[in-house]
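Quick notes on the structure that follows.
Throughout, a chain's letter reflects where its sequence line sits, starting with A, and its residues are numbered from 1.
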Amino acid sequence: PWSSPQAFPLPSLPRKQPTVLVVCGPAQNGAIGLVCARHLRIFDYEPTIFYPKRSPDPLYRDFTTQCEKMDIPFLSYLPTEVQLINDAYNAVVDAVLGAEAEAGEGREPCAAILATLKHIRIPIVSLDVPSGWDVEAGSSGGISPDVLVSLSAPKQCARSFLGRQHFVAGRFLPYDVQKKFELNPPEYPGTECVVALRAPR
Amino acid sequence: QEEAQAIDQELFTEYKFSVDQLMELAGLSCATAIAKAYPPSSFTTSQPAVLVVCGPGNNGGDGLVCARHLKLFGYEPTVYYPKCPNKPLFEGLTTQCQKMDIPFLPEFPAEAALIDELYGLVVDAIFGFSFKGAVREPFGSILGTLERVTVPVASIDIPSGWDVEKGKADGLQPDMLISLTAPKKAALHFTGRYHFLGGRFVPPALEKKYALNLPPYPETECVLQLA
(Lines give C-alpha, C1' and ligand atoms only; values in the text may rest on other atoms or scores of the structure.)
Protein backbone atom coordinates (compact mmCIF):
# COMPACT_ATOMS: atom_id res chain seq x y z
CA PRO A 1 0.00 0.00 0.00
CA TRP A 2 2.81 2.42 0.57
CA SER A 3 4.25 2.34 -2.92
CA SER A 4 1.24 3.73 -4.78
CA PRO A 5 1.28 6.97 -2.75
CA GLN A 6 5.03 7.25 -3.21
CA ALA A 7 4.70 7.00 -6.95
CA PHE A 8 1.72 9.32 -7.08
CA PRO A 9 1.90 11.71 -4.15
CA LEU A 10 -1.43 13.37 -3.43
CA PRO A 11 -0.48 16.94 -4.39
CA SER A 12 0.75 15.78 -7.81
CA LEU A 13 -2.43 14.16 -9.05
CA PRO A 14 -3.92 15.73 -12.18
CA ARG A 15 -7.58 15.38 -11.20
CA LYS A 16 -9.21 17.48 -8.52
CA GLN A 17 -10.27 14.41 -6.53
CA PRO A 18 -7.57 11.87 -5.70
CA THR A 19 -9.49 9.04 -7.33
CA VAL A 20 -7.87 5.67 -7.96
CA LEU A 21 -9.46 2.60 -9.52
CA VAL A 22 -8.37 -0.68 -7.93
CA VAL A 23 -9.08 -3.70 -10.10
CA CYS A 24 -9.03 -6.93 -8.09
CA GLY A 25 -8.79 -10.43 -9.48
CA PRO A 26 -10.28 -13.56 -7.91
CA ALA A 27 -7.23 -14.82 -6.00
CA GLN A 28 -4.47 -13.61 -3.70
CA ASN A 29 -3.35 -10.74 -5.92
CA GLY A 30 -6.88 -9.37 -5.78
CA ALA A 31 -6.95 -9.70 -2.00
CA ILE A 32 -3.75 -7.69 -1.78
CA GLY A 33 -5.50 -5.09 -3.92
CA LEU A 34 -8.33 -4.93 -1.36
CA VAL A 35 -5.85 -4.27 1.45
CA CYS A 36 -4.14 -1.67 -0.72
CA ALA A 37 -7.46 0.08 -1.39
CA ARG A 38 -8.19 0.27 2.33
CA HIS A 39 -4.84 1.88 3.09
CA LEU A 40 -5.25 4.27 0.16
CA ARG A 41 -8.50 5.37 1.79
CA ILE A 42 -6.70 5.93 5.10
CA PHE A 43 -4.10 7.96 3.20
CA ASP A 44 -6.94 10.22 1.94
CA TYR A 45 -7.15 8.93 -1.62
CA GLU A 46 -10.56 8.08 -3.04
CA PRO A 47 -10.31 4.49 -4.17
CA THR A 48 -13.03 2.66 -6.08
CA ILE A 49 -12.86 -1.10 -6.40
CA PHE A 50 -13.84 -3.38 -9.25
CA TYR A 51 -13.98 -6.93 -7.89
CA PRO A 52 -16.14 -8.98 -10.20
CA LYS A 53 -15.25 -12.46 -8.98
CA ARG A 54 -15.13 -12.53 -5.21
CA SER A 55 -13.06 -15.16 -3.48
CA PRO A 56 -14.87 -17.48 -1.05
CA ASP A 57 -11.84 -17.45 1.28
CA PRO A 58 -13.03 -16.12 4.67
CA LEU A 59 -9.98 -13.91 5.11
CA TYR A 60 -10.53 -12.28 1.74
CA ARG A 61 -14.24 -11.89 2.45
CA ASP A 62 -13.30 -9.99 5.59
CA PHE A 63 -11.02 -7.76 3.53
CA THR A 64 -14.04 -7.01 1.34
CA THR A 65 -16.18 -6.14 4.37
CA GLN A 66 -13.46 -3.88 5.71
CA CYS A 67 -13.44 -1.97 2.42
CA GLU A 68 -17.20 -1.74 2.27
CA LYS A 69 -17.34 -0.41 5.83
CA MET A 70 -14.72 2.16 4.91
CA ASP A 71 -17.24 3.46 2.35
CA ILE A 72 -15.13 2.39 -0.61
CA PRO A 73 -17.50 1.95 -3.56
CA PHE A 74 -17.51 -1.28 -5.53
CA LEU A 75 -18.29 -0.93 -9.23
CA SER A 76 -20.82 -3.38 -10.60
CA TYR A 77 -19.18 -3.35 -14.01
CA LEU A 78 -16.04 -2.05 -15.65
CA PRO A 79 -16.77 0.41 -18.47
CA THR A 80 -15.50 -0.90 -21.78
CA GLU A 81 -15.33 2.70 -22.95
CA VAL A 82 -11.80 3.46 -21.96
CA GLN A 83 -12.33 7.22 -22.00
CA LEU A 84 -14.71 6.91 -19.05
CA ILE A 85 -11.92 5.38 -16.97
CA ASN A 86 -9.36 7.90 -18.20
CA ASP A 87 -11.68 10.74 -17.18
CA ALA A 88 -12.76 9.45 -13.78
CA TYR A 89 -9.51 8.26 -12.24
CA ASN A 90 -5.90 9.39 -11.78
CA ALA A 91 -4.45 5.92 -11.85
CA VAL A 92 -5.41 2.26 -11.90
CA VAL A 93 -4.05 -0.33 -9.49
CA ASP A 94 -3.75 -3.65 -11.31
CA ALA A 95 -4.35 -6.37 -8.71
CA VAL A 96 -5.87 -8.80 -11.16
CA LEU A 97 -3.36 -11.62 -11.52
CA GLY A 98 -0.21 -12.36 -9.62
CA ALA A 99 2.66 -14.80 -9.87
CA GLU A 100 0.39 -17.75 -9.17
CA ALA A 101 -1.80 -17.18 -12.20
CA GLU A 102 -1.43 -19.57 -15.06
CA ALA A 103 -4.70 -20.29 -16.76
CA GLY A 104 -6.24 -17.26 -15.12
CA GLU A 105 -5.40 -14.93 -17.91
CA GLY A 106 -7.57 -16.59 -20.48
CA ARG A 107 -10.60 -16.94 -18.24
CA GLU A 108 -13.33 -14.38 -17.79
CA PRO A 109 -13.63 -11.88 -16.40
CA CYS A 110 -9.87 -11.36 -16.37
CA ALA A 111 -9.46 -11.49 -20.13
CA ALA A 112 -12.03 -8.74 -20.70
CA ILE A 113 -10.55 -6.61 -17.91
CA LEU A 114 -7.08 -6.89 -19.35
CA ALA A 115 -8.34 -6.08 -22.83
CA THR A 116 -9.76 -2.82 -21.45
CA LEU A 117 -6.69 -1.99 -19.34
CA LYS A 118 -4.45 -2.36 -22.37
CA HIS A 119 -6.05 0.74 -23.86
CA ILE A 120 -6.28 3.13 -20.96
CA ARG A 121 -4.11 6.22 -20.98
CA ILE A 122 -3.82 6.85 -17.25
CA PRO A 123 -0.95 5.21 -15.33
CA ILE A 124 -1.23 1.62 -14.15
CA VAL A 125 0.39 0.38 -10.95
CA SER A 126 0.78 -3.40 -11.11
CA LEU A 127 1.05 -5.48 -7.97
CA ASP A 128 3.80 -8.08 -8.20
CA VAL A 129 3.32 -9.12 -11.81
CA PRO A 130 1.74 -7.05 -14.58
CA SER A 131 -1.47 -9.02 -15.04
CA GLY A 132 -1.45 -11.19 -18.08
CA TRP A 133 2.34 -11.30 -18.31
CA ASP A 134 4.07 -14.65 -18.16
CA VAL A 135 5.70 -14.62 -14.72
CA GLU A 136 9.07 -15.55 -16.23
CA ALA A 137 9.07 -14.58 -19.88
CA GLY A 138 7.31 -11.26 -19.49
CA SER A 139 4.95 -9.43 -21.71
CA SER A 140 3.78 -10.34 -25.17
CA GLY A 141 1.47 -7.53 -26.12
CA GLY A 142 -0.01 -7.23 -22.64
CA ILE A 143 -0.53 -4.23 -20.40
CA SER A 144 2.26 -1.72 -19.88
CA PRO A 145 2.26 -0.52 -16.30
CA ASP A 146 3.85 2.75 -15.28
CA VAL A 147 4.78 1.43 -11.85
CA LEU A 148 5.56 -2.11 -10.71
CA VAL A 149 5.51 -3.11 -7.07
CA SER A 150 7.32 -6.41 -6.65
CA LEU A 151 6.15 -8.27 -3.59
CA SER A 152 8.81 -10.04 -1.51
CA ALA A 153 11.24 -9.97 -4.42
CA PRO A 154 11.12 -9.16 -8.15
CA LYS A 155 9.88 -11.94 -10.41
CA GLN A 156 11.78 -12.88 -13.50
CA CYS A 157 9.36 -11.03 -15.77
CA ALA A 158 10.34 -7.79 -14.03
CA ARG A 159 13.33 -7.71 -16.33
CA SER A 160 10.95 -6.83 -19.15
CA PHE A 161 9.43 -3.98 -17.16
CA LEU A 162 9.93 -0.66 -18.92
CA GLY A 163 7.81 1.65 -16.81
CA ARG A 164 8.80 4.67 -14.77
CA GLN A 165 9.23 3.19 -11.30
CA HIS A 166 9.92 -0.24 -9.86
CA PHE A 167 9.43 -0.71 -6.13
CA VAL A 168 10.18 -3.74 -4.00
CA ALA A 169 8.02 -4.37 -0.96
CA GLY A 170 9.70 -7.14 0.95
CA ARG A 171 11.08 -5.77 4.13
CA PHE A 172 9.19 -8.27 6.23
CA LEU A 173 11.08 -11.29 4.88
CA PRO A 174 13.01 -13.12 7.59
CA TYR A 175 16.78 -13.20 7.01
CA ASP A 176 16.99 -16.96 6.66
CA VAL A 177 14.42 -16.88 3.85
CA GLN A 178 16.35 -14.11 2.11
CA LYS A 179 19.52 -16.12 2.37
CA LYS A 180 17.98 -19.42 1.37
CA PHE A 181 16.61 -17.98 -1.86
CA GLU A 182 19.63 -15.73 -2.42
CA LEU A 183 17.40 -12.71 -2.70
CA ASN A 184 20.03 -10.06 -1.96
CA PRO A 185 17.48 -7.38 -1.25
CA PRO A 186 18.47 -3.73 -1.42
CA GLU A 187 18.75 -1.58 1.69
CA TYR A 188 15.47 -0.14 2.82
CA PRO A 189 15.77 3.51 3.86
CA GLY A 190 14.90 4.32 7.48
CA THR A 191 11.66 2.64 8.47
CA GLU A 192 10.29 2.47 4.91
CA CYS A 193 8.76 -0.81 3.84
CA VAL A 194 9.25 -0.19 0.13
CA VAL A 195 12.35 0.77 -1.79
CA ALA A 196 12.63 2.09 -5.31
CA LEU A 197 14.92 0.07 -7.52
CA ARG A 198 17.03 1.82 -10.09
CA ALA A 199 14.82 2.97 -12.95
CA PRO A 200 15.13 0.88 -16.09
CA ARG A 201 17.16 2.50 -18.83
CA GLN B 1 -11.58 2.30 29.24
CA GLU B 2 -15.06 1.12 28.20
CA GLU B 3 -14.98 3.28 25.11
CA ALA B 4 -11.60 1.84 24.10
CA GLN B 5 -13.01 -1.64 24.54
CA ALA B 6 -16.14 -0.73 22.56
CA ILE B 7 -14.06 0.60 19.66
CA ASP B 8 -11.98 -2.56 19.68
CA GLN B 9 -15.09 -4.73 19.67
CA GLU B 10 -16.57 -2.80 16.78
CA LEU B 11 -13.39 -3.14 14.74
CA PHE B 12 -13.57 -6.91 15.15
CA THR B 13 -17.29 -7.59 14.93
CA GLU B 14 -18.57 -4.88 12.56
CA TYR B 15 -15.55 -4.14 10.45
CA LYS B 16 -14.31 -7.74 10.46
CA PHE B 17 -10.71 -6.90 11.14
CA SER B 18 -8.75 -9.81 12.54
CA VAL B 19 -6.69 -9.43 15.71
CA ASP B 20 -3.66 -10.41 13.62
CA GLN B 21 -4.17 -7.55 11.18
CA LEU B 22 -4.51 -4.84 13.78
CA MET B 23 -1.80 -6.25 16.02
CA GLU B 24 0.63 -6.23 13.09
CA LEU B 25 -0.16 -2.61 12.29
CA ALA B 26 0.03 -1.67 15.99
CA GLY B 27 3.38 -3.38 16.52
CA LEU B 28 4.77 -1.80 13.36
CA SER B 29 3.66 1.63 14.62
CA CYS B 30 5.50 1.06 17.89
CA ALA B 31 8.72 0.06 16.17
CA THR B 32 8.44 3.02 13.80
CA ALA B 33 7.86 5.49 16.63
CA ILE B 34 10.84 4.08 18.52
CA ALA B 35 13.00 4.37 15.41
CA LYS B 36 12.07 8.04 15.11
CA ALA B 37 12.71 8.93 18.75
CA TYR B 38 15.69 6.65 19.45
CA PRO B 39 17.49 5.97 16.16
CA PRO B 40 20.08 3.17 16.30
CA SER B 41 22.88 5.73 15.97
CA SER B 42 21.78 7.38 19.24
CA PHE B 43 22.54 4.34 21.41
CA THR B 44 25.57 4.46 23.71
CA THR B 45 25.66 0.67 24.08
CA SER B 46 27.89 -1.03 21.49
CA GLN B 47 24.86 -2.48 19.71
CA PRO B 48 21.44 -0.81 19.57
CA ALA B 49 20.20 -3.32 22.15
CA VAL B 50 16.55 -3.14 23.22
CA LEU B 51 14.81 -5.19 25.91
CA VAL B 52 11.16 -5.92 25.07
CA VAL B 53 9.12 -7.07 28.07
CA CYS B 54 5.89 -8.77 26.99
CA GLY B 55 2.87 -9.34 29.19
CA PRO B 56 0.27 -12.10 29.05
CA GLY B 57 -2.25 -10.47 26.70
CA ASN B 58 -2.60 -8.44 23.53
CA ASN B 59 -0.19 -5.77 24.73
CA GLY B 60 2.43 -8.51 24.89
CA GLY B 61 1.48 -9.52 21.35
CA ASP B 62 2.00 -5.92 20.20
CA GLY B 63 5.43 -6.15 21.83
CA LEU B 64 6.36 -9.29 19.89
CA VAL B 65 5.40 -7.66 16.59
CA CYS B 66 7.33 -4.55 17.64
CA ALA B 67 10.42 -6.64 18.45
CA ARG B 68 10.35 -8.25 15.02
CA HIS B 69 10.15 -4.92 13.21
CA LEU B 70 12.84 -3.43 15.44
CA LYS B 71 15.09 -6.23 14.24
CA LEU B 72 14.27 -5.39 10.62
CA PHE B 73 15.02 -1.72 11.37
CA GLY B 74 18.53 -2.60 12.54
CA TYR B 75 18.09 -2.91 16.31
CA GLU B 76 19.13 -5.90 18.44
CA PRO B 77 16.00 -6.73 20.43
CA THR B 78 15.81 -9.29 23.23
CA VAL B 79 12.43 -10.45 24.50
CA TYR B 80 11.29 -11.46 27.98
CA TYR B 81 7.98 -13.29 27.71
CA PRO B 82 7.22 -15.22 30.89
CA LYS B 83 3.52 -15.93 30.27
CA CYS B 84 2.88 -16.83 26.63
CA PRO B 85 -0.81 -17.70 26.21
CA ASN B 86 -1.61 -21.11 24.77
CA LYS B 87 -3.04 -19.66 21.54
CA PRO B 88 -1.87 -19.94 17.92
CA LEU B 89 -1.65 -16.15 17.51
CA PHE B 90 0.92 -15.70 20.27
CA GLU B 91 2.76 -18.94 19.55
CA GLY B 92 3.05 -17.84 15.91
CA LEU B 93 4.39 -14.41 16.84
CA THR B 94 6.91 -16.07 19.18
CA THR B 95 8.10 -18.39 16.38
CA GLN B 96 8.43 -15.45 13.98
CA CYS B 97 10.71 -13.72 16.50
CA GLN B 98 12.76 -16.83 17.18
CA LYS B 99 13.27 -17.44 13.47
CA MET B 100 14.56 -13.90 13.21
CA ASP B 101 17.22 -14.82 15.80
CA ILE B 102 15.65 -12.68 18.50
CA PRO B 103 16.70 -14.20 21.83
CA PHE B 104 14.15 -14.92 24.56
CA LEU B 105 15.55 -14.52 28.06
CA PRO B 106 14.97 -17.46 30.41
CA GLU B 107 14.71 -15.10 33.34
CA PHE B 108 14.31 -11.40 33.99
CA PRO B 109 17.49 -9.44 34.79
CA ALA B 110 17.76 -9.38 38.56
CA GLU B 111 18.67 -5.76 38.89
CA ALA B 112 17.90 -2.47 37.19
CA ALA B 113 21.66 -1.77 36.93
CA LEU B 114 22.10 -4.86 34.77
CA ILE B 115 19.40 -3.69 32.36
CA ASP B 116 21.02 -0.24 32.20
CA GLU B 117 24.31 -1.85 31.27
CA LEU B 118 23.07 -4.22 28.60
CA TYR B 119 20.30 -2.26 26.88
CA GLY B 120 19.81 1.26 25.57
CA LEU B 121 16.02 1.11 25.71
CA VAL B 122 13.27 -0.96 27.31
CA VAL B 123 9.92 -1.53 25.63
CA ASP B 124 7.10 -1.97 28.14
CA ALA B 125 4.55 -4.26 26.47
CA ILE B 126 3.17 -5.69 29.69
CA PHE B 127 -0.35 -4.35 30.20
CA GLY B 128 -2.65 -2.47 27.86
CA PHE B 129 -5.98 -0.71 27.98
CA SER B 130 -7.88 -3.73 29.30
CA PHE B 131 -5.84 -3.83 32.48
CA LYS B 132 -7.81 -3.77 35.68
CA GLY B 133 -7.18 -4.66 39.28
CA ALA B 134 -4.07 -5.98 40.93
CA VAL B 135 -0.80 -6.72 39.20
CA ARG B 136 -0.05 -10.44 39.34
CA GLU B 137 3.44 -11.88 39.58
CA PRO B 138 5.89 -11.99 38.00
CA PHE B 139 4.87 -8.60 36.65
CA GLY B 140 4.79 -6.87 40.03
CA SER B 141 8.50 -7.44 40.60
CA ILE B 142 9.28 -6.74 36.94
CA LEU B 143 7.58 -3.36 37.14
CA GLY B 144 9.41 -2.67 40.39
CA THR B 145 12.71 -3.19 38.59
CA LEU B 146 11.63 -1.18 35.54
CA GLU B 147 10.72 1.74 37.77
CA ARG B 148 14.40 1.87 38.79
CA VAL B 149 16.09 1.62 35.39
CA THR B 150 17.70 4.78 34.09
CA VAL B 151 17.61 3.94 30.37
CA PRO B 152 14.47 5.18 28.59
CA VAL B 153 11.31 3.10 28.76
CA ALA B 154 8.82 3.16 25.89
CA SER B 155 5.33 2.02 26.90
CA ILE B 156 2.86 0.55 24.44
CA ASP B 157 -0.57 2.17 24.78
CA ILE B 158 -0.63 2.48 28.60
CA PRO B 159 2.30 2.64 31.02
CA SER B 160 1.98 -0.76 32.64
CA GLY B 161 0.52 -0.78 36.10
CA TRP B 162 -1.26 2.53 35.58
CA ASP B 163 -4.99 2.87 36.02
CA VAL B 164 -6.17 3.18 32.41
CA GLU B 165 -7.97 6.42 33.18
CA LYS B 166 -6.33 7.93 36.24
CA GLY B 167 -2.67 7.00 35.81
CA LYS B 168 -0.36 6.16 38.70
CA ALA B 169 1.73 8.91 40.20
CA ASP B 170 4.09 6.52 42.02
CA GLY B 171 4.26 4.01 39.17
CA LEU B 172 6.36 3.59 36.03
CA GLN B 173 7.23 6.93 34.41
CA PRO B 174 8.16 6.08 30.82
CA ASP B 175 10.08 8.42 28.53
CA MET B 176 7.90 7.47 25.58
CA LEU B 177 4.26 6.53 25.18
CA ILE B 178 2.85 5.10 21.97
CA SER B 179 -0.93 5.50 22.10
CA LEU B 180 -2.66 3.06 19.81
CA THR B 181 -5.77 3.99 17.83
CA ALA B 182 -6.40 7.01 20.06
CA PRO B 183 -4.85 8.31 23.28
CA LYS B 184 -6.42 6.94 26.44
CA LYS B 185 -7.39 9.09 29.39
CA ALA B 186 -4.27 7.98 31.25
CA ALA B 187 -2.21 9.78 28.60
CA LEU B 188 -3.17 13.05 30.27
CA HIS B 189 -0.85 12.02 33.13
CA PHE B 190 2.06 11.19 30.84
CA THR B 191 5.11 13.35 31.54
CA GLY B 192 7.75 11.75 29.31
CA ARG B 193 9.47 13.33 26.33
CA TYR B 194 7.81 11.48 23.47
CA HIS B 195 4.14 10.84 22.89
CA PHE B 196 3.32 9.18 19.58
CA LEU B 197 0.04 8.07 18.10
CA GLY B 198 0.03 4.79 16.19
CA GLY B 199 -2.40 2.27 14.77
CA ARG B 200 -3.37 4.16 11.64
CA PHE B 201 -6.27 1.89 10.76
CA VAL B 202 -9.30 3.66 12.17
CA PRO B 203 -12.07 3.80 9.58
CA PRO B 204 -13.34 7.38 9.12
CA ALA B 205 -16.88 6.39 10.12
CA LEU B 206 -15.65 4.94 13.41
CA GLU B 207 -13.57 8.00 14.12
CA LYS B 208 -16.65 10.14 13.68
CA LYS B 209 -18.93 7.88 15.70
CA TYR B 210 -16.70 8.08 18.75
CA ALA B 211 -15.65 11.68 18.10
CA LEU B 212 -12.02 10.70 18.34
CA ASN B 213 -10.88 13.93 16.66
CA LEU B 214 -7.59 12.40 15.69
CA PRO B 215 -5.04 14.84 14.29
CA PRO B 216 -3.98 14.04 10.72
CA TYR B 217 -1.06 11.72 10.17
CA PRO B 218 1.63 13.06 7.86
CA GLU B 219 1.44 11.57 4.33
CA THR B 220 1.83 7.82 4.46
CA GLU B 221 3.43 7.66 7.91
CA CYS B 222 1.98 5.15 10.33
CA VAL B 223 2.82 7.25 13.38
CA LEU B 224 2.28 10.84 14.43
CA GLN B 225 4.21 12.63 17.14
CA LEU B 226 1.81 14.46 19.45
CA ALA B 227 2.69 17.72 21.17
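- Across B/Lys36, B/Gln96, B/Glu219, B/Met100, the residue that shares the most heavy-atom pairs under 4.5 angstrom with chain A is B/Met100.
- With a 4.5 angstrom heavy-atom cutoff, A/Arg61 does not touch chain B via any of its atoms.
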A/Val168/A/Tyr188 under side-chain contact (heavy atoms from CB on, under 4.5 Å): CA gap, chis, key distance, verdict: CA-CA 9 Å; A/Val168 176; A/Tyr188 286 81; 3.5 Å; yes
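- Figure legend: A/Arg38 and B/Phe17 shown without cation-pi pairing, the cationic atom not lying both under 6.0 angstrom from the six-membered ring centre and within 45 degrees of its axis.
- Salt-bridge formation is not detected for the pair B/Lys16/A/Glu68: no Lys NZ or Arg NE/NH1/NH2 atom is positioned less than 4.0 Å from an Asp or Glu carboxylate oxygen.
- Comparing A/Thr65, A/Leu59, A/Ile42 by how many heavy-atom pairs each has under 4.5 Å with chain B, the most go to A/Ile42.
- For B/Glu76, the CD atom is densely surrounded, since the number of other residues' heavy atoms within 6.0 Å is greater than 12.
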